[in-house]
Amino acid sequence: MKQTTPLGLLLALLLIGTGCPSGSWTFFGLDDDDDSAQDDDDDSADDDDDDATPPDDDDVTPSDDDDSTPPDDDDDLTPPDDDDSVPGDCVPAEVISCGQVVAGNNGGPGSTQSVEQYGCQTDFGFSGPEFVYEFIAEATGEHSVSLGQLQEDLDLLVLDGSNGCDPDSCLGGSFAGGSESELVVFQAEAGQTIHVVVEGFDGSVSDFRLELGCPDTGDDDDATPSDDDDATPTDDDDATPTDDDDATEPVCGQFFVKGVSAGDMERFDWNGTGFDAAANHNPPGNGQVWSAVAGDFDGDTDLDFITARGGNGYAAHLYENNCDGTFTSDGITNNGFEFPDNIEDMWGVADLDGDGDLDVLGWEYWSGDGVVWLNDGDGTSWETEDEFGPNDNRPFELAYWDPQDDNTHEVVAMPPVDLTQDGVPDFVECANSAVPPTVCTAWIGNGDGSFTSAPGASLDRVVNGLAVADFNGDGWADIVGGLDDDGDAGQVWFWETNPLAPAPASGPGVEAFDLYPAIESGNDNPGYGWMYPYDWDSDGDIDIIANVMDPAFGNAQTVFLALNNGSAVFTVTEVGSTVSSTGGEPIVQTQIGVPAFN
């Protein structure tokens with residue numbers, strides 16, 4: 001759709017976030033007396049049974065469980081009609097098992113609308129219905145549950161069911177905005193009861209696809225029939241030693257990817273508490289790998305990635321996740337994923353055209369001229385779009401990007417986010433001249449893969465690394481930026497948007513974290529770098545991957561993880577070392593592909 005929002009309104013809306021908005025909420029329990037003539041609107045004990053006195057059940061409706069006494073309860077005993085369930089408690093509707101994939105709707109049969117707040121998410125309420133699954137863990141270890149193929153904003157929670165379905169017993173949660181996919185990785189003990197809750201944010205109701213992954217319990221390839229360890233129906237019951245049918249779904253996992261300006265690229269796997277050492281992938285062809293992006297491109301709710309390799313001409317490859325630590329590579333350049341100028345890099349992943357699958361955007365290295373690759377649904381067929389409108393304009397043309405300009409330091413915040421809350425992804429780019437201020441432009445998505453520019457923030461800092469997301473959980477996008485070399489190496493600042501008076505960020509910000517706290521002065525220190533946001537520990541708030549040059553202006557780089565406590569207070573740990581040939585003068589942003597789900 002064509003962007004027609006007035007410029008003044010765009011200024012006010014620039015930093016509206018992509019997460020679930022906060023605001024007042026009301027805790028609703030179950031409806032007591034169906035609003036019948038005998039309802040307790042007058043609070044008279046002798047006119048209604050809300051005083052829980054069984055003889056006082058004046059409306060004498062057999063199936064009306066107003067006194068909450070089980071013998072007088074909901075006679076059909078159907079869980080959605082279980083009127084004696086305690087308001088605020090969830091009610092499991094179905095049982096699932098390891099490796100199972102189910103399709104459902106959070107407002108369908110079996111759903112309830114009893115819970116509006118959970119122990120791991122108290123910043124906003126859930127006014128939509130919830131659908132609850134129960135399973136018994138078969139093995140001790142890391143489990144995962146993913147939620148995808150959404151049309152509305154559903155969220156995902158995992159509860160410890162040892163003491164019933166208790167909303168305060170959270171083991172983890174995922175609260176992405178809009179129709180983005182959700183993923184929770186959590187620990188469970190063998191025999192533990194787990195409740196998986198699909199919740200509707202702000203009244204949302206949607207179809208969904210849910211997949212449960214569990215640790216491997218071991219196969220019975222020793223051909224002993226009684227050694228059928230996981231005892232699932234599709235397991236190795238035929239006792240054929242080579243028939244590995246235990247069907248235990250491995251945890252597909254999360255990772256980020258990056259090119260290293262060499263013949264291969266790196267994948268950093270999240271292990272639940274940190275990252276494993278980088279695994280390398282060497283795509284077919286000649287030349288260097290400059291960029292890579294991660295996302296669920298084939299729509300099966302696990303994480304894939306795309307990378308390109310080339311010298312005078314690029315060739316793209318899709319790596320589909322096999323969920324066993326391996327990937328299947330397919331060339332997709334001949335399937336529409338093309339490079340019009342033979343030197344475009346991939347930078348971000350989002351559903352740019354609103355068709356329910358993940359697309360890719362990037363730009364030409366020397367000019368900053370944009371290109372988008374639109375996914376036709378399964379990740380194997382694409383349309384390359386570099387011309388829009390009657391004048392065949394590029395989808396966007398970056399305002400400041402120029403690798404030949406030694407005086408301008410340019411940064412583009414990726415992945416794209418919905419700044420205007422119209423359901424279409426947008427993004428922000430900023431630049432400075434090695435002195436404050438840093439000026440920014442917002443690129444507002446038009447819904448077809450193209451973007452329109454609008455004025456953005458002016459930050460009284462040298463911001464060379466930039467991340468835009470809802471870092472404090474109030475539903476409004478904030479800015480975390482810095483990592484500059486102006487005398488305080490590795491320092492990062494936080495700009496919070498005021499929900500009561502939304503406007504582009506400005507001013508000096510407040511200190512967020514410092515990668516090199518021992519270096520507080522001097523020039524040409526390590527720390528100049530870039531940042532990318534994602535919720536790595538699945539606790540519902542946005543963390544940051546920071547990639548910095550160490551030493552300054554060289555090819556050697558260090559990767560850090562900054563974990564958010566939910567209030568934009570970060571704890572920093574070092575991930576490991578990497579390299580890139582984009583250091584030196586002029587300095588060009590190092591690209592990292594963090595996970596994206598739809």
- Message: Is the distance from the ring center of Phe451 to that of Phe427 below 6.0 Å?
- Response: yes

- Message: Suppose we call two aromatic rings close when their centres sit under 6.0 Å apart. Are Phe275 and Trp536 close by that rule?
- Response: yes

- Query: Is a side-chain donor-acceptor pair under 3.5 Å present for Thr328 with Asn322?
  - Reply: yes

- Task: Using distance alone, with no hydrogens and no angle criterion, decide if Gln254 and Tyr534 have a side-chain donor and acceptor under 3.5 Å apart.
- Result: yes

- Donor-acceptor side-chain pairing of Thr333 and Glu338 below 3.5 angstrom: no

- Evaluate the criterion ring-ring contact (aromatic ring centres under 6.0 Å, His included) for residue pair Phe339 and Trp373; output intermediate values, then yes/no. CA-CA 9 Å; Phe339 299 87; Trp373 296 274; 5.6 Å; yes

- Charged N to carboxylate O under 4.0 angstrom, Glu344 versus Arg394? yes

- Go through the steps for Phe255 and Phe327 under the test ring-ring contact (aromatic ring centres under 6.0 Å, His included), then give the verdict. CA-CA 13 Å; Phe255 54 81; Phe327 295 79; 5.7 Å; yes

- Note on the structure: The ring pair (Phe, Tyr, Trp, His ring centres under 6.0 Å) partners of Tyr319 (sequence neighbours excluded) come to His281, Phe305

- Do you see a donor-acceptor pair shorter than 3.5 Å between the side chains of Thr452 and Asn446? yes

- Just checking, is any N or O donor in the side chain of Thr578 or Lys258 under 3.5 Å from an acceptor N or O on the other one? yes

- Message: ring-ring contact (aromatic ring centres under 6.0 Å, His included), that's the test. Do Tyr118 and Phe126 meet it? Break it down for me.
- Response: CA-CA 9 Å; Tyr118 294 83; Phe126 296 94; 5.6 Å; yes

